Amino acid sequence: VCSSDLLLAVAQRQGPVPLPTAGPLAAKLVPGTAFTIVSAAAVINQHVQLSAPVPCANSFNVGGQTFTSDNTGLQQSFSTDFAQGCSTAFAGLSERFSPGQFVQAVKEFGIGSTWALPVPAFSGSVPSAASDAALAAETVGQGDVRMSLLSMAMVAGTVDWGSWHVPQVVQTSPGAVARPATPLPPDTVTALRSLMRGAVSSGAAKAARASGGRVYGQVGLVHTGSTWTSWFVGYQGDIAIAAVEYGKT
């Protein structure tokens with residue numbers, strides 16, 4: 001849980017599936033469609049409107065790799081694709097930008113930056129894709145994309161605050177706030193907030209609806225062998241949150 005750049009709280013409970021030994025701040029996890037918050041920024045940078053028709057197919061092939069979705073396969077809008085977490089729509093949208101343009105969008109969220117924290121923490125890693133299939137996989141938060149809960153919370157915080165901040169662990173009094181030279185474009189921030197609000201109000205993240213203020217977010221579900229990881233990433237007010245749950249199929 002983060003407020004502005006301050007790390008407020010971390011919680012972990014052992015369940016039937018072992019949690020990463022690195023802990024929630026340093027664990028290198030596959031984020032799945034929760035990462036489409038970042039991918040949506042890359043799409044918006046290519047001037048794709050939220051109302052633009054983007055099909056959500058049951059399967060879609062990019063560079064010889066087939067991506068699948070449990071959605072209906074209807075022709076719908078980009079905003080609806082985001083709200084429903086349609087992986088095939090985002091795999092197809094990856095054809096609209098280059099690996100370099102995607103890396104630039106990733107950097108706008110501070111992913112891979114250096115954090116000088118007194119505790120082990122991982123800021124995320126998204127290597128430049130070497131093929132169309134690899135780029136599509138990264139767009140849906142798979143492939144070589146790895147994020148910690150802290151780095152995903154900071155992604156949500158970037159949308160909330162308009163720019164990424166270096167997180168700080170408050171021990172006595174916080175230090176000076178470190179800000180990037182260039183914040184996210186205002187139009188991109190507005191669009192991402194709209195997408196994340198739609199995911200909570202009527203999409204796959206609707207279980208996060210709560211009283212006391214609007215919640216903005218995105219979810220992801222990642223299957224690995226006989227286990228699954230379920231993500232929620234979002235914010236309410238000035239508090240950013242990332243949570244994962246593990247289970248067995």
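The analysis underlying the following values was restricted to heavy atoms, covering all of them including side chains, and did not include hydrogens, waters or symmetry mates. Just so it is clear, the structure is predicted and the values come from calculations on it, not from any experiment. We're numbering straight along the sequence, starting at 1.
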Could you walk me through whether Q76 and V54 satisfy the side-chain contact (heavy atoms from CB on, under 4.5 Å) test, starting with their C-alpha distance in whole Å, then the side-chain angles of each, then the deciding distance to 0.1 Å, before giving a yes or no?
CA-CA 6 Å; Q76 53 194 25; V54 179; over 6 Å; no
I'd like to know whether Q218 forms a side chain to side chain donor-acceptor pair (under 3.5 Å) with T36, so could you lay out the CA-CA distance, the side-chain angles of the two residues, the decisive distance to 0.1 Å, and finally the verdict.
CA-CA 8 Å; Q218 181 59 299; T36 56; 3.1 Å; yes
Checking side-chain contact (heavy atoms from CB on, under 4.5 Å) for the pair V30/R146: CA distance, chi angles, key distance, verdict?
CA-CA 5 Å; V30 179; R146 296 294 183 272; 3.3 Å; yes
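To the nearest 0.5 Å, atoms CZ (R96) and CG (N45) are separated by 13.5 Å. Rounded to the nearest 0.5 angstrom, E245 CD and L221 CG are separated by 10.0 Å. Of the inter-residue distances, the one linking K206 atom NZ with S201 atom OG reads 10.5 Å to the nearest 0.5 angstrom. Going from atom CG of D81 over to atom OG1 of T88 covers 7.5 Å, rounded to the nearest 0.5 Å. The structure places OG1 of T68 at 9.0 Å from CG of N58, a figure rounded to the nearest 0.5 Å.
No donor-acceptor distance shorter than 3.5 angstrom exists from the side chain of E108 to the backbone of V38, with no hydrogens or angles considered. Using modelled atom types, no side-chain atom of S69 and backbone atom of C56 make a donor-acceptor pair closer than 3.5 Å.
There is a path of hydrophobic side-chain contacts, each under 4.5 Å, that joins L184 to I111. Hydrophobic clustering (ILVMFWY, side-chain heavy atoms < 4.5 Å, transitive): V215 and I239 are in distinct clusters. Side-chain heavy atoms closer than 4.5 Å link hydrophobic residues (I, L, V, M, F, W, Y) into clusters, and following such links, possibly through other members, connects V48 to L192.
R193 CZ: more than 12 foreign heavy atoms inside a 6.0 Å radius. Taking a 6.0 Å sphere around CG of D187, one finds it holds 12 or fewer heavy atoms contributed by other residues, nucleotides or ligands.
Put simply, the side chain of L149 does not reach to within 4.5 Å of the side chain of V233, judged on heavy atoms. When side chains are defined from C-beta on, I37 counts as touching M196, because their heavy atoms get closer than 4.5 Å. Taking 4.5 Å as the limit, every side-chain heavy atom of T33 sits out of range of all side-chain heavy atoms of F82. In this structure the side chain of Y235 never reaches within 4.5 angstrom of the side chain of I241, judged on heavy atoms. Under the 4.5 Å side-chain criterion, counting only non-hydrogen atoms from C-beta, F67 is not in contact with N61. Under the 4.5 Å side-chain criterion, counting only non-hydrogen atoms from C-beta, F35 is in contact with M152. Here the side chains of F60 and T66 are not in contact, with every heavy-atom distance at 4.5 Å or above. Counting heavy atoms from C-beta outward, L29 and M147 have side chains that stay 4.5 Å or more apart.
Applying the side chain to side chain contact (heavy atoms under 4.5 Å, CB included) rule to A204 yields the partners V219; only residues at least two apart in sequence or on another chain are considered. Every residue was checked against the side-chain hydrogen bond (donor to acceptor under 3.5 Å, both in side chains) condition with S230, not counting sequence neighbours, and none meets it. With sequence neighbours left out, S194 forms a side chain to side chain contact (heavy atoms under 4.5 Å, CB included) with L50. Listed by chain and number, the residues in a side chain to side chain contact (heavy atoms under 4.5 Å, CB included) with R214 are R197, Y216 (sequence neighbours excluded). The side-chain hydrogen bond (donor to acceptor under 3.5 Å, both in side chains) test applied to T80 returns S77, not counting sequence neighbours. Looking at residues two or more places apart in sequence or on another chain, you find a side chain to side chain contact (heavy atoms under 4.5 Å, CB included) between S98 and Q101. Looking at residues two or more places apart in sequence or on another chain, you find a side-chain hydrogen bond (donor to acceptor under 3.5 Å, both in side chains) between S148 and S151.
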List, one per line, each side-chain donor-acceptor pair under 3.5 Å for residues 123-143, sequence neighbours excluded.
{"residue": "S123", "atom": "OG", "partner": "G112", "partner atom": "N", "Å": "3.4"}
{"residue": "S123", "atom": "OG", "partner": "S113", "partner atom": "N", "Å": "3.3"}
{"residue": "S123", "atom": "OG", "partner": "S113", "partner atom": "O", "Å": "2.7"}
{"residue": "S131", "atom": "OG", "partner": "A134", "partner atom": "N", "Å": "3.1"}
{"residue": "T139", "atom": "OG1", "partner": "L135", "partner atom": "O", "Å": "2.7"}

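Here the closest non-hydrogen pair linking T188 and A41 is CG2-CB, 4.1 Å. Taking both residues in full, the closest heavy atoms of I44 and A191 are given as CD1-CB, 3.5 Å, listed atom of the first, atom of the second, then distance. Here the closest non-hydrogen pair linking L150 and A121 is CD2-CB, 4.1 Å. Listed here is the closest heavy atom pair of W161 and M154: CZ3-CE, 4.0 Å. When all heavy atoms are compared, the tightest approach of H223 to W228 is ND1-CB, 3.8 Å. Considering every non-hydrogen atom in both L195 and A40, the closest pair reads CD1-CB, 3.8 Å.
Listed by first and then second residue, the ring-ring contact (aromatic ring centres under 6.0 Å, His included) pairs involving residues 101-132 are F97-F102 (not counting sequence neighbours). Identified under the disulfide bond (SG atoms under 2.5 Å apart) test for residues 213-249, with sequence neighbours left out: none. The disulfide bond (SG atoms under 2.5 Å apart) contacts involving residues 184-245 comprise nothing, where partners must be two or more places apart or lie in separate chains.
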